[in-house]
Number of protein chains: 2
Amino acid sequence: MNDPALVEPHLGSHAEHHLSSSAMLQDIVIGLSDGLTVPFALAAGLSGAVDSSALVITAGLAEIVAGSIAMGLGGYLAGRTEVEHYAAELAREHREVQELPHVERAEVDELLAEMGLSETTRAAAVAELTSDPEQWVRFMMKYELGLEEPDPRQAPKSAFTISTAYAVGGLIPLTAYFFTATPTEGLAWSAAITLVCLLVFGYFKSRMTGQPAVAGALKMAFVGALAASAAFGVARLITQ
Amino acid sequence: MNDPALVEPHLGSHAEHHLSSSAMLQDIVIGLSDGLTVPFALAAGLSGAVDSSALVITAGLAEIVAGSIAMGLGGYLAGRTEVEHYAAELAREHREVQELPHVERAEVDELLAEMGLSETTRAAAVAELTSDPEQWVRFMMKYELGLEEPDPRQAPKSAFTISTAYAVGGLIPLTAYFFTATPTEGLAWSAAITLVCLLVFGYFKSRMTGQPAVAGALKMAFVGALAASAAFGVARLITQ
């Protein structure tokens with residue numbers, strides 16, 4: 001339920017010139033994408049297998065709680081790991097620059113050669129880049145390892161935003177079952193409401209990332225509809 | 001349920017020197033992380049609310065189908081979006097290099113200044129990097145935008161691996177309910193089996209990404225236990 005295309009710009013801050021969306025908006029999108037899809041599909045699946053709306057609601061709420069904790073806490077711990085990973089690599093590069101300067105200097109030269117610089121220009125550039133150890137390490141972190149310093153306050157913020165968005169997204173399809181007499185009736189309303197939300201959400205998500213918006217809206221609705229149909233089919237098959 | 005710390009090295013191939021895990025292993029980890037957690041927690045939640053193991057299994061299987069389609073298809077579409085995004089940015093950089101060469105040349109100079117190169121070296125480097133339009137565009141893609149060319153065959157492979165891993169992970173906690181008489185008994189076995197799997201999986205996942213392995217094992221089990229307890233509490237609360 002992760003979305004690499006969305007997670008990527010979030011982490012690789014290089015891309016910020018061409019992307020206008022903030023980290024928080026991206027977290028909302030990550031949470032909503034899954035929240036609108038999985039609890040909806042589970043409720044749809046159960047609607048084909050049980051007679052009680054209360055049961056569909058119970059399972060749906062249990063899923064929302066489980067999913068938002070797994071996503072939120074999982075995201076938080078992953079964010080902390082990223083901060084620790086950066087710190088460990090930073091310490092390692094500092095050590096390498098001190099203990100194996102010739103190896104690290106050769107690596108700088110190699111990176112500059114890959115860019116397309118001539119030997120003469122490289123010689124001057126390597127001398128300048130390695131003149132200050134701090135600058136040297138920063139260069140290695142960014143261009144050899146492709147790592148940007150993560151903000152340690154980002155992890156708890158992201159966790160909270162993602163799990164809230166998941167819960168909000170998940171409650172939308174469930175509300176239909178509160179106001180209808182049977183799961184079948186609930187499913188009809190739930191599907192209608194959720195597909196409209198998926199279309200609208202897919203549209204804005206695609207606009208945000210600069211993708212064709214109508215195609216994005218249809219893709220989002222298609223994933224939700226397919227997941228729900230498959231869950232419905234499987235649950236029906238078992239209980240028959 | 002995404003795990004940015006795992007998704008990141010997957011996308012930023014710079015990091016490959018310091019990371020030994022392959023893209024496929026990372027996809028397995030992404031799928032298993034969620035598969036072992038969410039269906040387990042949902043089944044645990046329902047065990048506190050219903051009397052029938054068959055119902056727990058039905059809901060669990062519906063969740064696994066819904067989740068693996070949402071993750072797999074969602075991941076596939078995200079991968080395709082990444083390929084399209086790269087192509088669009090590539091076309092845009094080609095256009096900019098042709099139509100606004102002075103602007104793009106200034107951007108190259110700015111990037112080199114950020115690295116720490118002197119004005120003299122920058123002048124030589126800018127002339128060399130912009131002498132060949134292909135090389136110039138490649139430099140802008142990689143160092144201005146931080147984009148690497150994605151492999152178009154990666155998206156369907158990743159989708160298949162992630163959804164299979166999710167389904168495998170999700171079936172583990174469910175098996176307990178097949179062989180026990182009541183949901184309560186099923187839950188006891190399911191929790192025992194799943195927590196052992198989460199510990200083992202967390203251990204190897206952390207080893208793979210170079211993190212402290214015992215702490216990683218405990219974190220993974222903690223997320224699963226918390227998600228399951230919360231789902232159990234909520235489901236029990238509603239049905240009482």
Side-chain angles (χ1 to χ4, degrees), chain A residues 1-5 7-8 11-12 14-15 18 30 33-34 37-38 41-42 45-46 49 58-59 61-63 65-67 69-71 73-75 77-79 81-82 84-85 89 115-118 121 124-125 128-129 135 139 144-147 211 219 223 226-227 230-231 234-235 238-239, chain B residues 1-5 7-8 11-12 14-15 18 30 33-34 37-38 41-42 45-46 49 58-59 61-63 65-67 69-71 73-75 77-79 81-82 84-85 89 115-118 121 124-125 128-129 135 139 144-147 211 219 223 226-227 230-231 234-235 238-239:
Chain A
M1 311 180 191
N2 60 314
D3 194 331
V7 175
E8 181 195 28
L11 295 159
H14 288 285
H18 284 232
I30 291 170
S33 296
D34 288 3
T37 314
V38 184
L42 170 70
L46 283 180
T58 304
L61 287 178
E63 212 288 336
V65 169
I69 288 178
M71 276 193 104
L73 192 57
L77 293 173
T81 300
E82 201 194 336
E84 286 160 19
H85 178 64
E89 292 291 338
M115 287 180 197
L117 295 182
S118 71
T121 311
E128 286 171 14
L129 292 173
Q135 178 179 280
F139 180 86
E144 189 204 1
L145 303 178
L147 295 176
Q211 299 300 313
K219 275 183 202 171
V223 175
L226 188 70
V234 164
I238 305 166
T239 46
Chain B
M1 314 181 186
N2 60 317
D3 194 330
V7 175
E8 180 196 28
L11 295 159
H14 287 284
H18 285 232
I30 290 171
S33 296
D34 288 3
T37 313
V38 183
L42 171 69
L46 284 180
T58 304
L61 287 177
E63 211 288 336
V65 170
I69 288 178
M71 275 193 105
L73 192 57
L77 294 174
T81 301
E82 202 194 335
E84 285 160 19
H85 178 64
E89 292 291 336
M115 289 181 197
L117 294 182
S118 71
T121 311
E128 286 171 15
L129 291 174
Q135 176 178 279
F139 180 86
E144 190 205 359
L145 302 179
L147 294 176
Q211 299 299 313
K219 274 183 203 171
V223 175
L226 189 70
V234 164
I238 304 166
T239 45

key: Under the side chain to side chain contact (heavy atoms under 4.5 Å, CB included) test, residues paired with Ala230(A) that sit two or more places apart   =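 Partners of Ala230(A) under the side chain to side chain contact (heavy atoms under 4.5 Å, CB included) test: Val65(B), Ile69(B).
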
inquiry  = According to side chain to side chain contact (heavy atoms under 4.5 Å, CB included), who are the partners of Glu84(B), at least two apart in sequence or on a separate chain?
reply    =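 For Glu84(B), the residues satisfying side chain to side chain contact (heavy atoms under 4.5 Å, CB included) (neighbours in sequence not counted) are Gln211(A), Lys219(A), Arg80(B).
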
query = Is any side-chain heavy atom of Leu42(A) less than 4.5 Å from a side-chain heavy atom of Leu42(B)?
reply =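 Yes. Closest side-chain heavy atoms under 4.5 Å.
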
If I compare all heavy atoms of [X] with all of [Y], which pair ends up nearest, and what's the gap?
X         : Y         : answer
Val38(B)  : Ala70(A)  : CG2-CB, 3.9 Å
Ala66(B)  : Ala231(A) : CB-CB, 4.3 Å
Gln135(B) : Gly116(A) : OE1-CA, 3.6 Å

Contacting region of [X] [heavy-atom separation from chain A under 4.5 Å]:
X         : value
Val223(B) : both
Thr239(B) : side chain
Ala125(B) : both

[X] versus chain B, heavy atoms under 4.5 Å apart: side chain, backbone, both or neither?
X         : value
Leu117(A) : both
Thr37(A)  : side chain
Ala235(A) : both

query = Pick from Gly45(B), Ala62(B), Ala124(B), Ala41(B): which one has the most heavy-atom pairs with chain A under 4.5 Å?
reply =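 Heavy-atom pair counts peak at Ala62(B).
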
ask   = How long is the gap from CG on Leu73(A) to CG on Leu226(B), to the nearest 0.5 Å?
value =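 Result: 6.0 Å between the selected atoms.
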
